[in-house]
Amino acid sequence: MRRLLPALTGAALFAATGLAVLATPDVASAADCTPAQVVANGGFESGSSSWTAPSGAITADSRQSAHSGSSYAWLDGYGSSHTDTLSQSVTLPAGCGTATLGFWLHVDTAETTGSTAYDKLTVKLGSTTLATYSNLDAQAGYVHKTVDVSAFAGQTVTLAFTGVEDSSLQTGFVLDDVTLDVSGGGTTPPQPGDPTRTPVAPAYTVDLTSDASGGSWTGHESVTFGNASPTPLNEVYLRLWDNAHGSCPSTPITVTNVTGGTPSPLTVNCTALKITLPAPLAQGQSGTVGFDLGITVPSGADRFGHDGAYNFLGNALPVLAIRDAAGWHLDPYTNNGESFYSVASDFTVTLDHPTGLLVPATGTSVDTPGAAGRTVTKATAGKVRDFAWGAGPFTKISGTSAAGVKVNVYSVAGISAADSKSMLSTATSAVDAHAQRFGAYPYGELDAVIDNNFWFGGMEYPGFVLDLVSTTALTHEIGHQWWYGIVGDDEYNGPWLDEAFTDYATDLALGKTGNGCWNSVSWASSAERITNSMAYWDANSSRYSTVVYGYGKCALHDLRRTIGDTAMTTLLRNYAQAHWYGVSTTAEFKAAAQAATTVDLTSFWSQHRIDG
């Protein structure tokens, strides 16, 4: 997803968050663990119970508002030299391999500077500084922050929030719904040296019915899957990604009445659900789990949200997590980019909705009449990594690319007919341009949903993209059909593998050569690498777009100049074909690039900070 588009916005949309990067991988351990949330009174509804806080800091004062409930913690905001500290002792069980601190933060300030951090909030666990915020992070509402604290497993430490204000111009730091989720024990680790990604070949069947607005859906989902690994599967994990948009344990995605296994409590800020299988699945065996599903779309023009009457349901369906050589991938949700990592899957999704709502969706859709005033949209999609849809009174226009791909553009009110037609022209051209370079588009049709109120540049799902009116952004999101969709990757731990490759493909589709772009590279620190994970970029969010998109695509342009245009064209097409419906890694791409040339690329990778 192109979360940041400076050329479109005129400024980066995220300020630096200051999150510390901890080295412990966010995967489940083999030890026994009872998933739990270990912060007491994290919503402050019981006053100062379990917290050490200055008098009056925990409050329901009407001058600020709570994220949920009625109470919150308000540090500083005096406009004079002042320090407030809010703290609580927490114990992280030794057997839990994953621990994620989460909290909602609102910063308001009277400071007028856009460059100097006069007033600061520091978040510590024990003696380790996890994050630092300042008056530069001021925003109108709450923002959810998360950080991996798995390295503290087995310790009792003090969680502390300290606000320090200088002598003038107030800054208030408002906190609510503090959580520390621990999980990951009691799972089956892979055998040493077993890199097998499993579960495999998931087949999802979903039947949902909406309310009159298309913003609330209820029904049933099931998934059948196999175990490709020689290590038995004792459990699976579902990722309920959109629960990150709620206030755990109050969530917009609900799973109830689970069959085919025994569910555990939600973990990882309510985005991970462990289901213990009735018996271990050996290699080659298959299983099925099912559950009732409820979805409530929150307000906001987001990948999961509604902009007035228009609903966007990205990542709303629970999907299976992957276990590989690192263990179960239970990474936290990031709003700065993507955390998603899944294998190619089949979806059959039936959506019953009011006839007045159009429902663009992943896959190929067929509409049939339902009950009075309702329509049933059945969407089928094969070999895709996720399923997304929208619902609203969109205006729809359609066309077919020169290569025969059907393209539908769905526009919200306020998008002119001319802009819709322009986006249709862009989409039909882009899908063919990318297909010519990397391989034929396999998904039959492509839906583009256009809304200029999106706070981001665009967002990709298989056969379904969300976008502003922008030729560059739409060409980029369609490029993701190959780099993320067809050729998958671990988007949390290797975001450059889809974002840099897609931005490079976008340049080629738009006739841009990238000449000289590497000359503008300036690293912020020795730790900054193109191949860093989202844990690093969430801690350094103001650099994410610059490095992953900008420097990443420039490195690929430099690689093309190093090995030659023909060799680079052949390399990328062959690499895409070799990883068609598979998963790309940095190591595999580097090996393929080296095999494509007689030039020793060792120094190239080092110069361009491409590790792995």
Side-chain angles (χ1 to χ4, degrees), residues 1-14 301-303 314 336-338 397 399 401 405 407-412 414-416 418-438 441 446-461 463-485 495-518 520-521 530 542-557 560 572:
M1 175 177 55
R2 185 80 175 189
R3 297 301 286 192
L4 308 180
L5 282 177
L8 297 176
T9 64
L13 297 178
F14 278 92
D302 207 341
R303 55 190 177 192
N336 196 25
E338 290 85 40
I397 60 174
S401 76
V405 178
V407 177
N408 306 302
V409 171
Y410 294 82
S411 300
V412 305
I415 302 297
S416 69
D419 281 341
S420 294
K421 290 179 181 178
S422 174
M423 291 299 93
L424 179 61
S425 176
T426 294
T428 54
S429 297
V431 72
D432 284 356
H434 294 313
Q436 185 175 13
R437 288 185 175 88
F438 310 122
Y441 179 75
L446 172 66
D447 291 345
V449 179
I450 309 299
D451 185 343
N452 276 336
N453 289 331
F454 289 134
W455 65 268
F456 48 83
M459 178 65 202
E460 72 282 356
Y461 295 98
F464 178 96
V465 299
L466 305 172
D467 242 299
L468 307 172
V469 175
S470 166
T471 295
T472 300
L474 185 54
T475 302
H476 175 98
E477 302 312 329
I478 292 173
H480 272 303
Q481 300 304 307
W482 283 263
W483 304 107
Y484 143 77
W496 91 287
L497 287 165
D498 58 281
E499 296 297 0
F501 281 61
T502 297
D503 234 25
Y504 175 76
T506 300
D507 273 5
L508 297 183
L510 297 178
K512 299 178 182 179
T513 64
N515 286 337
C517 68
W518 192 258
S520 63
V521 168
I530 288 174
S542 65
R543 297 287 293 168
Y544 170 62
S545 179
T546 298
V547 178
V548 173
Y549 293 80
Y551 297 0
K553 74 174 180 182
C554 284
L556 293 173
H557 281 298
R560 174 171 50 84
L572 286 181

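We're numbering straight along the sequence, starting at 1. All values below come from the heavy atoms of this structure, side chains included, with hydrogens, waters and symmetry mates left out.
Summarising the geometry of Leu474 relative to Ala448, their closest heavy-atom pair is CD1-CB, 4.1 Å, with the distance given to 0.1 Å. Listed here is the closest heavy atom pair of Cys554 and Trp518: CB-CE3, 3.7 Å. Between Asn452 and Val469, the shortest heavy-atom distance links the atoms OD1-N, 2.9 Å. The minimum heavy-atom distance between Ile415 and Asp451, with the atom names listed, is CD1-CA, 4.5 Å. Shown here for Gly457 and Ala473, the closest heavy-atom pair between the two residues is O-CB, 3.8 Å.
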Listed pairs under 3.5 Å, donor-acceptor, residues 418-425 side chains, sequence neighbours left out:
{"from": "Asp419", "atom 1": "OD2", "to": "Ser416", "atom 2": "OG", "distance (Å)": "3.4"}
{"from": "Ser420", "atom 1": "OG", "to": "Ser411", "atom 2": "OG", "distance (Å)": "2.7"}
{"from": "Ser420", "atom 1": "OG", "to": "Ser416", "atom 2": "O", "distance (Å)": "3.3"}

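Checked against side chain to side chain contact (heavy atoms under 4.5 Å, CB included), Ala430 has the following partners two or more places apart in sequence or in another chain: His434, Thr475, Ile478. Qualifying ring pair (Phe, Tyr, Trp, His ring centres under 6.0 Å) partners for Trp483, counting only residues two or more places apart in sequence or in other chains: Phe438, Phe501. For Ala435, the side chain to side chain contact (heavy atoms under 4.5 Å, CB included) test picks out Trp482, with sequence neighbours left out. Remark: Asp507 engages Lys512, Lys553, His557 in a side chain to side chain contact (heavy atoms under 4.5 Å, CB included) (not counting sequence neighbours). Applying the side chain to side chain contact (heavy atoms under 4.5 Å, CB included) test to Ser401 and every residue at least two apart in sequence or in another chain returns Ala403, Val405, Thr428, Val431, Asp432.
Taking CZ of Arg560 as the reference point, atom CG of Leu572 lies at 10.0 Å (rounded to 0.5 Å). With rounding to the nearest 0.5 Å, the separation of CD1 in Ile397 from OH in Tyr410 is 11.0 Å. Interatomic distance, Asp503 CG to Leu556 CG, rounded to the nearest 0.5 Å: 10.0 Å.
In this structure, the side chains of Ile530 and Val547 come closer than 4.5 Å at one or more pairs of heavy atoms. Contact check for Glu338 versus Met459: side-chain heavy atoms found under the 4.5 Å cut-off.
Exactly one of Asn408, Val465, Val407, Val409 qualifies for a side-chain contact (heavy atoms from CB on, under 4.5 Å) with Asp447. That residue is Asn408.
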Q: Determine, stepwise, if the pair Leu446 / Tyr441 fulfils side chain to side chain contact (heavy atoms under 4.5 Å, CB included).
A: CA-CA 9 Å; Leu446 172 66; Tyr441 179 75; 3.8 Å; yes
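Side-chain polar atoms of His476 and Glu499 form a donor-acceptor pair below 3.5 angstrom.
A distance-only check finds no donor-acceptor pair linking the side chain of Glu477 to the backbone of Thr472 [under 3.5 Å].
Note on ring orientation: taking the six-membered ring where Trp is involved, the planes of Phe454 and Phe456 are parallel (angle under 30°, cut-offs 30° and 60°).
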